[in-house]
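For the numbers below, each heavy atom of this structure counts, side chains included, while hydrogens, waters and symmetry mates do not. To find a chain, count down the sequence lines: A is the first, B the second, and so on, and within it residues start at 1.
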Amino acid sequence: MLFDVTIEGHTHHLELELLAGAWQARLNGRELALDAVLAGPDLLALIVNGRVYEVMRERSSAGTDLWVGRVRYQADLSDPRSLRGRKGKAGSDRGPVRLLAAMPGKVVRVLIAEKTEVNAGQGVLVIEAMKMQNEVKSPKRGIVQKIMAREGSRVNAGEVLAVVE
Amino acid sequence: MLFDVTIEGHTHHLELELLAGAWQARLNGRELALDAVLAGPDLLALIVNGRVYEVMRERSSAGTDLWVGRVRYQADLSDPRSLRGRKGKAGSDRGPVRLLAAMPGKVVRVLIAEKTEVNAGQGVLVIEAMKMQNEVKSPKRGIVQKIMAREGSRVNAGEVLAVVE
Amino acid sequence: MFNKILIANRGEIAVRVIRACRQLGITSVAVFSEVDRAALHVRMADEAYPIGPAAATESYLNIPRIMDAVRHSHADAIHPGYGFLSENPRFAEACMAAGVKFIGPSSRAMEMMASKTRARKRMEQAGVPFVPGTVRPLPSLEETRRIAGDLGYPVMLKAAAGGGGKGMRLVHEADELASALEAARSEAERAFGDDEVYIEKAIVNPRHIEMQVLGDEHGHTVWLGERECSIQRRHQKVLEEAPSPLLDEDMRCRMGEVAVRVARAAEYSNAGTVEFLVDENKDFYFLEMNTRLQVEHPITELITGLDLVELQIRIATGEELPFRQQDVHIRGHAIECRVYAEDPDKNYFPSPGRITLLLSPSGPGIRVDSGVYEGWNVPIEYDALLAKLVGYGSDRGQTIHRLRRALNEYFVGGITTNLSLFERILDHPEFQAGRQDTGFLDRLLAQSRSPGPTSDGAEIAALAAGVFELLDGAAAASSVPLHGGRKQNGEAQSSWKQAGRREALKTG
Amino acid sequence: MFNKILIANRGEIAVRVIRACRQLGITSVAVFSEVDRAALHVRMADEAYPIGPAAATESYLNIPRIMDAVRHSHADAIHPGYGFLSENPRFAEACMAAGVKFIGPSSRAMEMMASKTRARKRMEQAGVPFVPGTVRPLPSLEETRRIAGDLGYPVMLKAAAGGGGKGMRLVHEADELASALEAARSEAERAFGDDEVYIEKAIVNPRHIEMQVLGDEHGHTVWLGERECSIQRRHQKVLEEAPSPLLDEDMRCRMGEVAVRVARAAEYSNAGTVEFLVDENKDFYFLEMNTRLQVEHPITELITGLDLVELQIRIATGEELPFRQQDVHIRGHAIECRVYAEDPDKNYFPSPGRITLLLSPSGPGIRVDSGVYEGWNVPIEYDALLAKLVGYGSDRGQTIHRLRRALNEYFVGGITTNLSLFERILDHPEFQAGRQDTGFLDRLLAQSRSPGPTSDGAEIAALAAGVFELLDGAAAASSVPLHGGRKQNGEAQSSWKQAGRREALKTG
């Protein structure tokens, strides 16, 4: 599965698979040795590259918070492959956001020109992989500052396609 | 609500109402000052006549156990008014079982003769109260050893009507 | 020994007293307001009676309602805990009138200590050292100015009936005196209905050190060592330790002897605390006496090995103290953290609400006196103290390290707590050097904030978000019913395997 | 000081060592078998590595797998805990060969103590008292008969390589000797691959008392007081206390000095325990030395105020003991209850499975060293020890009462535990009088069973069944989603009110 996870306004690209009980994880393009198990309904015990973490989840109407140690991280998650990305809290995102390739594939169409305005949820470009076309959407309203991807080029998973600010 | 609660093979008659946040309880004909609140999904905090109890519930495929202090009580519950009494674990009940009057009323019909066989869930007698007829069923297969109730007689709630062994 | 004790309190201190009762084979009776029906102290007591609505004035401060519960339960003694009615001489008198024993000092001793000027007069007669100043009501402004000049600035104006910082004014120079005096008087009048004000030499950033005393009803009085309580916010203690890093054995004995002199002068019995201010020269001055068990009594219990609540109860039954001063041995070091439902970075804003997850520390050297549990809804009406985390070790360094690891294990989900504040205090070089004074906490909070997000932490959070999502999906797709809403290790494993298989099918 | 310690163990002792590491600022590394992925010790460590399948021989006893984890983690020391590889000299040698420090004695000291006859020879030279008997392998039956006659019946035959009661035979009279000798030899051969058997005078229903010692690597050795471990089932300790109710100060010092002599004769460093048998005349005899940390070390920690695991680590780094014998002060009394997942009334039948509810005690004088948590699935593969409940108090009576109230607060749902057994032990007049011996527990279990149902209890259960049913119905009918599968106090209240309204409508 592919996820765009927005933590405190910054989007991370996560590939996660659980095959025959073993986790395969790639975070922002880096392979991680991951093991994960629930120790409670909202309590996750992780081992990442041999290091142990416990993450507590708090859900409320305002969204999901994840506690790593004494620090709270506001988390928002979308599954770009499904093309049903959840809405980030528009307006609360500050700073540039990088749009990442959800999977290895080919850029089949760029929908927006550089330096033009884009709305939250609006498609920026379309990637084709495994005979599926996925629209990569902007998580927030802003200006498309830069488009790294060219139509017809191949991209790797986690590759930055564009920057919206 | 009316319940027949079988604890360790012995049936208790319980009338329980929760009106405007206040409990009304009558157990085997005795009025009790009850307050009850959940302290966890299977953890009940009771105050009965000023005394505090905590009861832990354990549910398994074998049935429901209730822990009062360090003692485990095997519990089985039926709602006689609804005439949809749950089946006890047929065959696992040993010893005599007393059938109790679910409410004050009149015995309108005795369905089974003394010393004859009865199946689990089979009606033994019928009581009428508040213009409703309730069939009192045997919780287990056995012999109706004794029928205390006579047709036409008045019975009080919790009164023993018959013994099945 | 008593048969039955009613605890006229709530929260962790009610739980603490219930535990002592159970140890002594005494039936415990809890009382509770409407919002406290499911509170931990009610769950743990042997008996429990409702005493009215949520507002403390209508329940925990409502003497007639509490006396009703005493009559219903046939309790033969009352433990008042701390706060609420614990220092109310009227309550002690009502108990006596009803023929139930109030577990605490006599109402006469409480009354005397409640008036700062009366207490000061008596204690000065007994040779107890005070901050230089007046004990009489202040005369004319002219004469006040003369007294202040004699004492030397800065001086402090204080309300005679006061407490909690109300009616207090720090005066740096003569020009400020007139307006400060007027302000203190009117504030005292508003707060206490009494505009009597007195004057003292001000001690800037003093240390706040108190001495535990215990007296029986046969004239035996002992001291049990001091507690260092200088880490405060708005005159409220946050972290206490025993012994104080400041005191040596000689100063401890001198302070203990003065504390016993205070208690004897007040004909004091049961547990009490004599508070002192200590200046830069290690001179100490009597401040006031708290005529009750203190919140921070566990640190004294840990260094002395005694059970103060059990001793309170034994004393109230008329028993003699089972030991003498020379039998009291102080060993090791203890520190208490008061865990509050509040945000130290947001001006201590209270954070009531439901505790969705509670991971509580345990193991060597760690004691948690808690008044809450997972699933409990912390009410908004009362003090925000959730629990006291108390550490004990061979020495101060080990105690700090044990608390540090316990804080690491401690998590309260659903509400905001000040747990991170203790990590910052314990890590602070000034604290580790034992140099805290009453200004320490404000300086610490001005210097720094709670640790914020890091990029490593954000990556872990991102990973976790994905894993939660994937497992949620697996759980939702799984047809296995999850008892009690909780996954079993094995079940989770198998539902992941299912998820894994589904994924494999999709991608295969 | 070490940078990183790998803990070659699981359960509560792994958690205990992890806590000590955290106190000292040392990174902790857990290892885990396949069924222990979600175990508490893995959750609490800083790092964690898998070491193989559930069977201990393939994981926790698998030296190559553990050494792999050491290399991967770059740990510079190993703590073996107790059990598993803790007394295996080969493991200590493997650590040394890999350049990581084994936190324990030298493999030479371990090896010597592993052979009862070798240990006995050395210790007799050092003047350590033994139960009268032979130290040489037994000669002909004829001569054995003569030796037995000299010792006086009853006598005990014991396997030289033995432990855990294997290869032991109690012989009441001369006629039984020949067959007992044969039986002991063949059992010893089967169990240990060594049929060497020796003979001792039998001490009937002795007390089992052990002395904690601690030696640094610079020749300093101290004793830290005794532990009374006479309450056993099948040679396995169930409840221990310190100090022993049997010993006075003089006997304690004599026993401590003998224990130090044992340790010195073995050139022993780090923590160790010298076990003694004590007969009716209070004569004590060396039994064996355990060359590791004991399960019951917390009771010694509580009465001495020391942290044994921290001291183990400091000693292993080469530090000198930070105190001398005269600095060790014993204060108060401690008792440990070993909480097992087993049914004492059903021949200690083990009860693994999921812990559906865990209410853990806390507060004054109570320490819980636990290896489990609510929701954890206790695996079937390992020792059934869930946690150690340890009580401390000013004296033995207070400690018993504190444990009694803690047991009252303790509940483990979903699996069967021996918690009720401790209530029966603590309530027993013989135990309260301090008169337990190694036969006590069998007598207690033969005399009585766990408390069974009462009619009052059944009525409470009946009430509770009805309330659960009514609230379940209300919750099911309620449209309020319940976060995390748990009801909030407020929510439950409101859903009851709904239920109440529905009922009112129905009956109205």
Check this for me: does any side-chain nitrogen of one of D:D472 and B:R57 sit under 4.0 Å from a carboxylate oxygen of the other? yes

Sub-4.5 Å side-chain heavy-atom contact between [X] and [Y]:
X	Y	answer
B:L34	D:V467	yes
B:M1	D:E469	no
B:Y53	D:D456	no
B:L66	D:F468	yes
B:D42	D:T356	no
D:I460	B:V55	yes
D:F411	B:E54	no

Contact origin within B:L43 toward chain D - heavy atom pairs under 4.5 Å: both

I'd like to know which of D:G414, D:P453, D:P451 tops the heavy-atom pair count under 4.5 Å against chain B. D:P453

What part of [X] is in contact with chain B, defined as an atom under 4.5 angstrom from a non-hydrogen atom: side chain, backbone, both or neither?
X	value
D:S450	neither
D:T416	side chain
D:L359	side chain

In terms of heavy-atom contacts, does CZ of D:R449 have more than 12 from other residues, nucleotides or ligands at under 6.0 Å? no

One should read off an interatomic distance between D:T454 OG1 and B:E8 CD, to the nearest 0.5 angstrom, of 10.5 Å

